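Report on one structure; see the data block that follows.
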Amino acid sequence: MFVRIWVLIVKEFFAIWRDPKGRVILIVPPIVQMLIFSFAATQEVKNVPIAILNKDGGVYARDLAARVAGSPNFSRVTYLHSDAQAAAWIDSQRALLIVHVDAGFSRRVAVGEPAAVQLLLDGRRANAASLVAGYATEIVSRYVGELGGVQGVVAPGRSFVTR
């Protein structure tokens, strides 16, 4: 079966190769695509618009929000005040990421209890969203690690749930 397919591929290749226009079709488009896509395809995301929904006014929540806002990958940072605003920003594609810090975050961190940070991502741009999620997860992980060192306790376990 595979031999027949291979023979058919070779036959079609030679048929196209005999025609001068066919040679151009075989050679030029892959070279042009290689040149264009090498500049267009990147695994780096910069100048991403994000929003921060900080329902906690405590020191730890403000510090985490400042670290996220200070990242060089996130250029336009907007502070939101309600869940409805967050939903509207995601739906209208004004923000690719929303960092949601719930009320009581600083209190839980201060007493050593597990505290949650929610990252809401726009899945319509899946590749960019996964890269941005990686950046934000790294920022949160470093912050948790530093908190453990400052408070003199072992850093609490980190768990990330993707849905």
Side-chain angles (χ1 to χ4, degrees), residues 1-54 63-80 82-102 105 114-149 154-163:
M1 173 85 175
F2 293 111
V3 174
R4 286 181 172 176
I5 293 173
W6 179 251
V7 169
L8 183 64
I9 289 171
V10 170
K11 178 191 79 86
E12 289 298 323
F13 176 76
F14 283 132
I16 292 173
W17 192 254
R18 275 187 245 130
D19 181 25
K21 292 179 185 175
R23 280 184 238 150
V24 172
I25 291 173
L26 281 177
I27 295 172
V28 173
I31 291 174
V32 170
Q33 287 175 353
M34 184 176 61
L35 292 173
I36 291 173
F37 291 153
S38 65
F39 292 109
T42 179
Q43 293 298 321
E44 187 175 16
V45 178
K46 289 192 175 196
N47 300 324
V48 175
I50 68 165
I52 298 174
L53 177 59
N54 187 358
D63 191 27
L64 177 62
R67 287 173 187 250
V68 171
S71 173
N73 298 315
F74 309 135
S75 64
R76 294 173 286 172
V77 179
T78 304
Y79 291 90
L80 304 177
S82 69
D83 291 331
Q85 256 187 323
W89 274 68
I90 287 285
D91 289 341
S92 65
Q93 296 183 357
R94 286 188 280 174
L96 183 62
L97 165 71
I98 295 179
V99 179
H100 180 244
V101 182
D102 204 11
F105 176 83
V117 175
Q118 184 179 25
L119 303 177
L120 302 169
L121 295 146
D122 186 0
R124 289 171 278 200
R125 294 175 44 200
N127 189 37
S130 66
L131 292 171
V132 168
Y135 292 150
T137 301
E138 181 65 27
I139 293 168
V140 172
S141 294
R142 283 187 185 174
Y143 184 63
V144 169
E146 290 174 14
L147 280 179
V154 177
R158 298 173 272 254
S159 63
F160 301 102
V161 179
T162 304
R163 288 186 260 171

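Treat the numbers as computed from the prediction; the structure is a model and nothing was measured. In what follows, every heavy atom counts, from backbone to side chain, and hydrogens, waters and symmetry copies are set aside.
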State, to 0.1 Å, how close [X] and [Y] come at their nearest heavy-atom pair, and which atoms those are.
X: I98; Y: A86; value: CD1-O, 3.2 Å
X: A133; Y: L121; value: CB-CD1, 3.5 Å
X: I25; Y: P30; value: O-CD, 4.3 Å
X: A116; Y: F105; value: O-CD1, 3.7 Å

Which value, rounded to the nearest 0.5 Å, describes the distance between [X] atom [atom1] and [Y] atom [atom2]?
X: I16; Y: K11; atom1: CD1; atom2: NZ; answer: 9.5 Å
X: I90; Y: L96; atom1: CD1; atom2: CG; answer: 7.0 Å
X: N73; Y: I139; atom1: CG; atom2: CD1; answer: 7.0 Å
X: W89; Y: T78; atom1: CH2; atom2: OG1; answer: 3.5 Å

ask   = Does the side chain of L97 reach to within under 4.5 Å of the side chain of F74, using non-hydrogen atoms?
value = yes
inquiry  = Is any side-chain heavy atom of L53 closer than 4.5 Å to one of V99?
reply    = no
request  = Check ring pair (Phe, Tyr, Trp, His ring centres under 6.0 Å) between F13 and all other residues, then give those that pass, not counting sequence neighbours.
outcome  = W17
inquiry  = Looking at R125, I want to see if its CZ is surrounded by more than 12 non-hydrogen atoms of other residues, nucleotides or ligands under 6.0 Å.
reply    = no
key: E138: partners by salt bridge (Lys or Arg N to Asp or Glu O under 4.0 Å), with sequence neighbours left out   = R142
task = Output all residues satisfying salt bridge (Lys or Arg N to Asp or Glu O under 4.0 Å) with D102, sequence neighbours left out; order by chain, then residue number.
result = none
Would you please name every residue forming a side-chain hydrogen bond (donor to acceptor under 3.5 Å, both in side chains) with [X], sequence neighbours left out?
X: R23; value: none
X: S92; value: R94
X: D122; value: R124
X: D19; value: none

inquiry  = Go through it in stages, so that I can follow the logic: the residues are H100 and D83, the test is side chain to side chain contact (heavy atoms under 4.5 Å, CB included), and I'd like the CA-CA distance, side-chain angles, deciding distance and then a yes or no.
reply    = CA-CA 9 Å; H100 180 244; D83 291 331; 3.8 Å; yes
Test side chain to side chain contact (heavy atoms under 4.5 Å, CB included) applied to [X] - qualifying residues, sequence neighbours left out:
X: F2; result: none
X: L35; result: I31
X: V3; result: V7
X: A69; result: I52, V77, Y79

key: Test side chain to side chain contact (heavy atoms under 4.5 Å, CB included) applied to Y143 and V117, step by step   = CA-CA 12 Å; Y143 184 63; V117 175; over 6 Å; no
